[in-house]
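Heads up, the thing below is written out as structure tokens.
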Amino acid sequence: MFLAMNRFTVPLENAADFEELWLSRDSRLHEMEGFVEFHMLKGPEEAGRILYASHTLWQSEAHFTAWTRSPQFREAHARAGTGPTLHDGHPRFEGFRAIQRIAADAA
């Protein structure tokens, strides 16, 4: 498994617009081989900012890399940078390879 994560720091006054942007987009992830699931997470508020993190789970790092080079990726990100900037700085990308998995159904 490979988890791709982007973290965003969003000023409180931009939070509603930031959430709407994510909730209304067409991600195209479901079209990709190796895609497992996506979560957009809302974290704590601190000093007038909210931390958000997008988590995408893939069967492998190779599947994630294929996504970043795909037409679906280009189409899903075509509007990036065209509207107002709703978060501080650049998103912070972090990628993680699974070294252990413990499932809820494990006995």
- Hey, are the side chains of V10 and H87 touching, using non-hydrogen atoms and a 4.5 Å cut-off? yes
When rounded to the nearest 0.5 Å, the distance separating NZ of K42 from CG of L51 is 11.5 Å
Residue pairs passing the salt bridge (charged side-chain N to carboxylate O under 4.0 Å, His left out) test with at least one member in residues 49-65, sequence neighbours excluded, are R49-D88, E61-R97
Could you tell me if R92 sits above the aromatic ring of Y52, with its cationic atom closer than 6.0 Å to the ring centre and no more than 45 degrees from the axis?
no
Practice problem: Check whether any side-chain heavy atom of F38 sits under 4.5 Å from a side-chain heavy atom of S54, and report yes or no. | Solution: yes
Quick one: do F64 and F93 satisfy ring pair (Phe, Tyr, Trp, His ring centres under 6.0 Å)? Show the steps, please.
CA-CA 13 Å; F64 168 72; F93 174 79; 5.6 Å; yes
Interatomic distance, CG@N14 vs CD@E19, rounded to 0.5 Å, equals 11.5 Å
Taking the side chain as every heavy atom from C-beta outward, state whether H63 and F2 have any pair of such atoms under 4.5 Å apart. no
Here the salt bridge (charged side-chain N to carboxylate O under 4.0 Å, His left out) pairs for residues 4-18, sequence neighbours left out, are R7-E94
Notebook entry, point to check: According to a 4.5 Å side-chain heavy-atom criterion applied to Ile, Leu, Val, Met, Phe, Trp and Tyr, with indirect links allowed, do M1 and M5 form part of one hydrophobic cluster?
Noted result: yes
query: Going through the distances and angles, do I50 and L12 end up as a side-chain contact (heavy atoms from CB on, under 4.5 Å)?
result: CA-CA 6 Å; I50 300 175; L12 192 56; 3.5 Å; yes
Could you go through the side-chain contact (heavy atoms from CB on, under 4.5 Å) check for H55 and F96 one step at a time?
CA-CA 10 Å; H55 284 201; F96 300 90; over 6 Å; no
What one should report as the nearest heavy-atom pair of A76 and S27 is CB-O, 3.3 Å
Residues T65 and T68: closest non-hydrogen pair is O-OG1, 2.7 Å
Quick one: sort the F8 and W22 rings into parallel, tilted or perpendicular, breaks at 30° and 60°.
-> perpendicular
One should read off an interatomic distance between T56 OG1 and M40 CE, to the nearest 0.5 angstrom, of 9.5 Å
d(H90 NE2, T9 OG1) to nearest 0.5 Å is 13.0 Å
Throw together a table of side-chain donor-acceptor distances under 3.5 angstrom for residues 29-37, partners on residues two or more places apart or in other chains.
from : atom 1 : to  : atom 2 : distance (Å)
E31  : OE1    : R28 : NE     : 3.1
E31  : OE1    : R28 : NH2    : 2.9
E31  : OE1    : Q72 : NE2    : 3.4
E31  : OE2    : R28 : NE     : 2.8
E37  : OE2    : H39 : NE2    : 3.3

